[in-house]
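The chains referred to below are lettered A, B, ... by the order of the sequence lines, with proteins before strands, and numbering in each begins at 1. Atom set for the values below is all heavy atoms of this structure, side chains included, hydrogens, waters and symmetry mates excluded.
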4 protein chains.
Amino acid sequence: MPKNSEKTTVSPSPERREELLATAAEVFAAQGYNATTVRKIADAAGMLAGSLYYHFDSKESMLDEILSAFLDELWARYDAVLASGLGPRQTLEALVTESFREIDRHRAAVAIYQKESKHLLDEPRFHYLADSQARFEKAWLGTLERGVATQVFRADLDSRLTYRFLRDTVWVAASWYRPGGQHSPEEIARQYLSMVLEGIAVRE
Amino acid sequence: MPKNSEKTTVSPSPERREELLATAAEVFAAQGYNATTVRKIADAAGMLAGSLYYHFDSKESMLDEILSAFLDELWARYDAVLASGLGPRQTLEALVTESFREIDRHRAAVAIYQKESKHLLDEPRFHYLADSQARFEKAWLGTLERGVATQVFRADLDSRLTYRFLRDTVWVAASWYRPGGQHSPEEIARQYLSMVLEGIAVRE
Amino acid sequence: MPKNSEKTTVSPSPERREELLATAAEVFAAQGYNATTVRKIADAAGMLAGSLYYHFDSKESMLDEILSAFLDELWARYDAVLASGLGPRQTLEALVTESFREIDRHRAAVAIYQKESKHLLDEPRFHYLADSQARFEKAWLGTLERGVATQVFRADLDSRLTYRFLRDTVWVAASWYRPGGQHSPEEIARQYLSMVLEGIAVRE
Amino acid sequence: MPKNSEKTTVSPSPERREELLATAAEVFAAQGYNATTVRKIADAAGMLAGSLYYHFDSKESMLDEILSAFLDELWARYDAVLASGLGPRQTLEALVTESFREIDRHRAAVAIYQKESKHLLDEPRFHYLADSQARFEKAWLGTLERGVATQVFRADLDSRLTYRFLRDTVWVAASWYRPGGQHSPEEIARQYLSMVLEGIAVRE
DNA sequence: CATGAATGAGATTTCATTCAT
DNA sequence: CATGAATGAAATCTCATTCAT
């Protein structure tokens, strides 16, 4: 189960951390954070449970690193999109595409984020999740409202409802998406966008 | 549909059971099944942890009853819709509307179902979740394919992708929906259907 | 090892706590706080380690309760002495006597206090130990200085040195004192006071 | 006196060992032996925990070396005093003075000895602590009794009580003494002796 | 000499569950 | 019906120690 098993040379610290975090993320995503014991993570990493504590303070800090690394990367991409001066429809398309790419790269982290973030919001350590959610809403809802104002998006829909619809629609995909499947992230994004923008009904 | 119903301690007052199950469902939905201790449920119910065992066999059997009661009711409605001989579009509209009504009635149960069913599928006691999922897929995917065949739904979209899109789109709503909010379930269903069927882009 | 073994009837909560705290205090005093495992406490109390957590939050909170109960009682006695308007010598005699009585009543707590308080001072939870130490110094040093001013105590000794000498001299006794031995606390206090006040050398 | 000296890993540089032992002694004295992790010692020495094992067999052997070095030196001085044929009062004065000098030189070791020796007595490796204690009692108690017999010390005090009083009085000073403070060890010894021999009360 | 990584034993703590009252 | 007290299994975490490099 250890990745790169052909390269058993001792890796310099940061790479080993990454490996272990990737392993932990897979297990968290598959079983849920609470149902995952550190022993399961250690098993998957081929070491003893106690040995994980050489690399990490606690099970919680692993979760923390996984989620914050994911959000850091996501926001780097989102910010690039938002700074590029696109119109609302192109912005929406770019955000959706980046989201599916992020699911492709960090599937486990996204799945964990989906499942656990809600009851993590309360804990001080994870306040950044709430901050991120607020920025997220601002970016997406803003884009939608800009689109309504410029008449590229329908004005007869409740904007917050549409926002939630879009947001959930995209991220829930992490629960079934498998990297290396038959559709590339860009292809999935294209189909999703087609459904969301044009609808699934045949036009008369 | 509740398994092991012959093994469940018979409690003289069924209303008290319902109350306690509703309380448990709220806590499960808010914190996640694994993160919920029986003590938390007991606190919310104003009793001590041990006292719950007069009413229920185990924490797991509470979860079981909550989920099976929800699925029993859902399938009663779905079956009525599916038996009524509607066309694909009307069937889809009816299924979506019933789904939002179910979210309205059993929000906590739906949220639990969303979050927990994936890793419950393995355990024998919860095999009925897998059965239900299979029936679910058959009903929705069948309706979609009937619609494609009769040219009311677009033929250029991957059907399984569309199915997952629709399914997620509807049920994820349980994570933010609050009964008694500004929109009735029927109104939410109408807007969701409008987005899904017609798209959010303005038609030229 | 459980005290009152003849009275095995289930005791109402606060008495059981007291029993367990007394047991814990004995073990802490005998082995040191850090070297004492909760399993040892539980063994001494005739229960399993986990069962202690029904009564107490943590091993640390047991220590906390033991120390604060001891200090509460000590200060009740000291305050009574200090409020009674005695002269410096009588005050000193009364303080020493109350101290030995306290050692007689709470020997284990005093021994723990002696051994552990120094490295506990840093932790926020035990800040009250520092407060108590400050009050302690004020009471004893004040009495000594009053005595020097009124010429009942020698003026040629460094007061702070005398204070530490007295303080340690009294409390260290907890490390060898055994209640029910050949000397009553009052008798020990009398001999200590005689040594401290008159010296051990024969007067010419 | 260091036990197992043939088993100790031979380190090329004895000065480094001394440095490390001094560092370890400081940490043991400040935090207590049990509460001190080898990582804390290594941190204080600017190395990693594992590296200490190049110099020492175990944490326990560090403690062993610290305590036995201290006792070796102490007994060299005590023996010189006891062999010099002084009278009881002069002997007592010399022993007290040498004790404070030892506190000045090996403050940390003395503090550790005070705090830890009680529960170390049981372990075979530290039996020499018990031997030392017995010799100690013989020397001090003998001096006191000689003094009582020759009428230089009061006969109306319990000798064992006096012995413990003296012993504690002197050694506890290690818990607050700081080398390089305003009083030299000889000055502190003089004041202590004055208190102990003449008392703190003004003579009429 | 020192590091980085791991081991393995054992410590504290959690928690579903039981049961006498 | 509910409480109070406990059990026992398992979880998280700690730490002295080892060892290849």
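Taking atom CE on D:Met62 and atom C1' on F:dC15, their separation rounds to 13 Å, with Å as the unit. Atom pair A:Glu15:CD and E:dA5:C1' shows a separation of 15 Å (rounding to whole Å applied). Nucleotide E:dC19 holds its C1' atom 15 Å from the CG atom of B:Leu52, rounded to whole Å. Here E:dT14 presents its C1' atom at 14 Å from CG of C:Leu48, a figure rounded to the nearest Å. If you take CZ of A:Arg17 and P of E:dG4, they are 14 Å apart, rounded to a whole angstrom. Following rounding to the nearest Å, C:Met47 (CE) and F:dA6 (C1') show an atom-to-atom distance of 6 Å.
Shortest non-hydrogen contact noted between D:Ala130 and D:Leu121 is N-CD2, 3.6 Å. Taking each heavy atom of D:Phe56 and D:Ser61 in turn, the nearest pair found is CB-OG, 4.0 Å. The two residues B:Tyr53 and B:Ser58 come nearest to each other via the heavy atoms CE2-CA, 4.0 Å. Of all the heavy atoms in D:Ser132 and D:Leu71, the pair that sits closest is OG-CD2, 3.5 Å.
For D:Ala44, the side chain to side chain contact (heavy atoms under 4.5 Å, CB included) partners are D:Thr23, D:Val27, not counting sequence neighbours. Among residues two or more places apart in sequence or in another chain, the side chain to side chain donor-acceptor pair (under 3.5 Å) test is passed with D:Asn34 by none. Residues satisfying the side chain to side chain contact (heavy atoms under 4.5 Å, CB included) test with D:Leu48, not counting sequence neighbours, are D:Ser51. Looking at residues two or more places apart in sequence or on another chain, you find no side chain to side chain donor-acceptor pair (under 3.5 Å) involving C:Thr36. Checked against side chain to side chain contact (heavy atoms under 4.5 Å, CB included), B:Glu123 has the following partners two or more places apart in sequence or in another chain: B:Glu60, B:Leu120, B:Phe126.
Annotation: proximity of residues 20-31 of chain B to DNA chain E (heavy atom, distance under 4.0 Å) is found for no residue. Of the residues in residues 54-61 of chain A, A:Tyr54, A:His55 come within less than 4.0 Å of DNA chain E through at least one heavy atom, sorted by number. Using a 4.0 Å cutoff on non-hydrogen atoms, the parts of residues 34-46 of chain B near DNA chain E are B:Thr36, B:Thr37, B:Val38, ordered by number.
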If you write DNA chain E from 5' to 3' in dot-bracket form, with Watson-Crick or G-U pairs under 3.5 Å, [ ] for crossing pairs and | for pairs with another strand, what do you get? .||||||||||||||||||||

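An OP1 or OP2 oxygen of F:dA2 is reached within less than 4.0 angstrom by a side-chain nitrogen or oxygen of B:Arg16. Listed pair A:Tyr53 / F:dT14 fails the phosphate criterion, with no side-chain N or O lying under 4.0 Å from OP1 or OP2.
The salt bridge (charged side-chain N to carboxylate O under 4.0 Å, His left out) analysis of residues 61-71 of chain C, with sequence neighbours excluded, yields the pairs C:Arg17-C:Glu65, C:Asp64-C:Arg125. Listed by first and then second residue, the salt bridge (charged side-chain N to carboxylate O under 4.0 Å, His left out) pairs involving residues 18-40 of chain B are B:Arg16-B:Glu19, B:Glu26-B:Arg107, B:Arg39-B:Asp43 (not counting sequence neighbours).
Residue B:Ser51 places its side chain closer to F:dA2 than to any other of F:dT7, E:dA6, F:dA2.
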Would you mind writing out the side-chain donor-acceptor pairs for residues 108-118 of chain A within the sub-3.5 Å range, not counting sequence neighbours?
residue  : atom : partner  : partner atom : Å
A:Glu116 : OE1  : A:His119 : NE2          : 3.2
A:Glu116 : OE2  : A:Tyr33  : N            : 2.9
A:Ser117 : OG   : A:Tyr113 : O            : 2.9

Would D:Leu20 and D:Ile41 satisfy side chain to side chain contact (heavy atoms under 4.5 Å, CB included), going step by step from the backbone distance to the final call? CA-CA 8 Å; D:Leu20 293 172; D:Ile41 300 171; over 6 Å; no

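Mapped onto DNA chain F by nearest heavy atom, D:Tyr33 and B:Ala49 fall at different nucleotides, with B:Ala49 at the one closer to the 5' end.
Side chains of D:Leu52 and D:Met62 form a contact here, defined as non-hydrogen atoms less than 4.5 Å apart.
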